[in-house]
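Scroll down for the structure; my scribbles are underneath it.
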Amino acid sequence: MLTVALSIAFVLVGAAVVLSAWRLLRGPSAPDRILALDTLYINAIALLVLLGIHLGSALYFEAALLIAMMGFVGTVALCKYLLRGDIIE
Amino acid sequence: MLEYLLSFLILAGALFTFVGSLGLARLRDFYTRLHGPTKASTLGVGCLLIASALFFSTRSEGISLHEVLVTLFLFITAPISAHLLAKAALHLGLTSLAPPPEDKPRR
């Protein structure tokens, strides 16, 4: 039961990664690409959590937490660059 | 019983993550696209992290609290990044599909 649900979830989140990568490549404007990168790191966190449940190892949360922090910092830095033309004034 | 609950939470989380990215890929202007991935980050990853917390809490001794940390961090940062993205889009003057507001005589 759990393994079937995990397989379906892996496929769905993998499709989500593909869709947001398509938007990242296609996106007509810069904020679109930043939004796609934001979605990609959230999808990566979801994949890591699923992998942790699948392997039964609690080791992957450290990686998920690191990705969450670095992704947020990256999004904020890119948005600040678009807004002000500079990141740290 | 617990396995059914876990499977349901995992499926719901994965479905919401997929729908969020589908919205990102399919919607037609930036301001509507901004709406899609918020579902993925709150409901989708939230459901998955609750499922994971339940799984690791019942499997080993003690309560697993790593997931709560990730959930809290994501829930705090998601509105901030969405706000900054909307500000950047307004600054660049991206066009919206919504018609501009009409002038109405003020009463």
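Treat the numbers as computed from the prediction; the structure is a model and nothing was measured.
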Flag the pair Arg23(A) / Arg33(B) as yes when at least one side-chain heavy-atom distance between them is below 4.5 Å, and no otherwise.
-> yes
Using non-hydrogen atoms and a 4.5 Å limit, figure out which bit of Leu50(A) sits close to chain B: side chain, backbone, both or neither.
-> side chain
Contacting moiety of Val70(B), where chain A heavy atoms sit under 4.5 Å | both
Please name the pair of heavy atoms, one in Leu24(B) and one in Ala36(A), separated by the smallest distance, quoted to 0.1 Å.
-> CD2-CA, 3.9 Å
Of all the heavy-atom pairs spanning Ala88(B) and Cys79(A), show the shortest one and how long it is.
-> CB-O, 4.4 Å
In short, Ile10(B) meets Ala5(A) closest at the heavy-atom pair CG2-O, 4.1 Å
Which bit of Asp38(A) comes within less than 4.5 Å of chain B, counting heavy atoms only: side chain, backbone, both or neither?
-> side chain
Tell me whether Val13(A) is reachable from Leu55(A) by hopping between hydrophobic residues (I, L, V, M, F, W, Y) whose side-chain heavy atoms are closer than 4.5 Å.
-> yes
Selection from Ile67(A), Leu78(A), Asn43(A) maximising heavy-atom pairs under 4.5 Å formed with chain B | Asn43(A)
Checking Leu27(B) against chain A: side chain, backbone, both or neither under 4.5 Å from a heavy atom?
-> backbone
So, do Phe61(A) and Leu69(B) sit near enough that their side-chain heavy atoms are less than 4.5 Å apart?
-> no
Verify same cluster id: Ile42(A), Leu49(B) (apolar side-chain graph, 4.5 Å) | yes
Chain B contact via Ser7(A) - side chain, backbone, both or neither, heavy atoms under 4.5 Å | neither
What is the minimum heavy-atom distance between Leu85(B) and Pro31(A), and which atoms define it?
-> CD2-O, 3.8 Å
Nearest heavy atoms of Phe55(B) and Leu2(A), plus distance in Å | CE1-CD2, 3.9 Å
Let me know if Ser29(A) has heavy atoms under 4.5 Å from chain B in its side chain, its backbone, both or neither.
-> side chain
With a 4.5 Å limit on heavy-atom distance, are the side chains of Pro37(B) and Leu35(A) in contact?
-> yes
Could you tell me whether the side chain of Thr75(A) reaches within less than 4.5 Å of the side chain of Leu84(B), counting heavy atoms only?
-> no
For Phe75(B), look at atom CZ and say whether over 12 heavy atoms of other residues, nucleotides or ligands are found less than 6.0 Å away.
-> yes
Does atom NZ of Lys87(B) have more than 12 heavy-atom neighbours from other groups under 6.0 Å away?
-> no
Do you know which of Thr77(B), Leu48(B), Thr38(B) has the most heavy-atom pairs under 4.5 Å to chain A?
-> Thr77(B)
Leu94(B), part contacting chain A, at a heavy-atom distance under 4.5 Å = side chain
Most heavy-atom pairs under 4.5 Å with chain B, out of Ala9(A), Ala15(A), Gly52(A), Gly56(A), belong to Gly56(A)
How does the hydrophobic cluster around Ile8(A) look, that is, which other residues are in it when side-chain heavy atoms under 4.5 Å mark a link?
-> Val4(A), Leu12(A), Leu19(A), Leu11(B), Leu15(B), Phe18(B), Leu22(B)
Region of Ile45(A) that comes under 4.5 Å of a non-hydrogen atom in chain B | side chain
So, the part of Phe30(B) with a heavy atom under 4.5 Å from chain A: the answer is both
In the single-linkage hydrophobic clustering (I, L, V, M, F, W, Y; side-chain heavy atoms under 4.5 Å), do Leu9(B) and Phe16(B) co-cluster?
-> no
Under 4.5 Å to a heavy atom of chain A? For Leu74(B) that would be side chain
